Amino acid sequence: QVQLVESGGGLVQTGGSLRLSCATSGGTFSLNTMGWFRQAPGKEREFVAVINWRGTNTNYANSVKGRFTISTDNAKNTVYLQMNSLKPEDTAVYYCAADRYSTYSSRKEMYSYWGQGTQVIVSS
């Protein structure tokens, strides 16, 4: 059973940085697409970034492009989201997601596995 566990969230000031981690277990070898999504209070869960395990394919939401970087560490079975130049509108619960297929999709419906989320709060 695939499990995803996020960590690294917290409170940061505008302009600050955080690095989120997503540790995977229980069948990581079968996963191809890893994504980060976020959900702010009262809003739909939205796409942030996606990567394949080799790290050769990435895609970002326009709202985070140039500020966030998604990466993988195959030895640690971990996916990261480095977030720089944070803004108050980045405040949300951030979720790691995974799927066995190489879809690299921005649609949350395409992901089979989800973590429990980690809270990010950016103060102004």
Side-chain angles (χ1 to χ4, degrees):
Q1 180 73 10
V2 172
Q3 291 188 319
L4 310 176
V5 179
E6 303 97 331
S7 61
L11 173 64
V12 64
Q13 291 185 332
T14 296
S17 298
L18 282 175
R19 188 177 79 158
L20 306 184
S21 299
C22 173
T24 69
S25 62
T28 302
F29 65 91
S30 66
L31 302 176
N32 281 286
T33 299
M34 301 297 300
W36 284 98
F37 288 76
R38 67 186 182 186
Q39 188 167 15
K43 293 188 176 181
E44 292 285 321
R45 191 170 299 189
E46 65 175 8
F47 168 74
V48 176
V50 62
I51 193 169
N52 62 334
W53 266 112
R54 291 180 297 165
T56 54
N57 290 320
T58 60
N59 191 25
Y60 297 89
N62 288 333
S63 58
V64 307
K65 201 169 292 185
R67 299 187 298 122
F68 291 10
T69 303
I70 189 171
S71 62
T72 60
D73 185 330
N74 291 317
K76 295 182 178 180
N77 292 330
T78 300
V79 180
Y80 301 100
L81 185 68
Q82 177 67 43
M83 306 187 296
N84 299 329
S85 303
L86 283 161
K87 306 174 182 180
E89 51 263 45
D90 294 318
T91 295
V93 176
Y94 283 71
Y95 296 90
C96 178
D99 199 68
R100 301 186 188 280
Y101 300 101
S102 302
T103 58
Y104 313 122
S105 178
S106 61
R107 295 176 54 200
K108 57 184 182 293
E109 295 81 7
M110 300 300 290
Y111 291 81
S112 301
Y113 306 101
W114 292 86
Q116 83 288 349
T118 185
Q119 177 75 58
V120 171
I121 300 174
V122 184
S123 64
S124 56

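Position 1 is the first residue of the sequence, and the numbers go up from there. Keep in mind that what you see is a predicted model, and the values were worked out from it rather than measured.
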Give a yes or no answer on whether the side chain of [X] reaches the backbone of [Y] with a donor-acceptor pair at less than 3.5 Å.
X: Thr33; Y: Asp99; value: no
X: Tyr111; Y: Ser105; value: yes
X: Thr78; Y: Asp73; value: no
X: Thr91; Y: Val122; value: yes
X: Glu6; Y: Gln116; value: yes
X: Tyr60; Y: Ile70; value: yes

More than 12 heavy atoms from other groups under 6.0 Å of CD on Glu109: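 Yes.
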
- prompt: Do Leu31 and Val50 sit in the same hydrophobic cluster, where Ile, Leu, Val, Met, Phe, Trp and Tyr count as joined when their side-chain heavy atoms come under 4.5 Å apart?
  reply: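 Shared cluster, no.
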
message: Is there a path of hydrophobic side-chain contacts, each under 4.5 Å between heavy atoms of I/L/V/M/F/W/Y residues, joining Phe68 to Trp36?
response: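 Yes.
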
- prompt: Under the ring-ring contact (aromatic ring centres under 6.0 Å, His included) test, which residues partner Tyr80, sequence neighbours left out?
  reply: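 Tyr80 satisfies ring-ring contact (aromatic ring centres under 6.0 Å, His included) with no other residue.
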
- prompt: What are the two closest heavy atoms between Cys96 and Met34, and how far apart are they?
  reply: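 Here Cys96 and Met34 meet closest at SG-CE, 3.9 Å.
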
message: Using 30° and 60° as the class boundaries, would you call the ring planes of Tyr95 and Trp114 parallel, tilted or perpendicular?
response: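 Taking Trp114 first and then Tyr95, their aromatic rings stand perpendicular (interplane angle over 60°).
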
message: Per the salt bridge (charged side-chain N to carboxylate O under 4.0 Å, His left out) rule, what does the pair list look like for residues 38-51, sequence neighbours excluded?
response: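 Listed once each, the pairs are Arg38-Glu46, Arg38-Asp90, Glu44-Lys108.
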
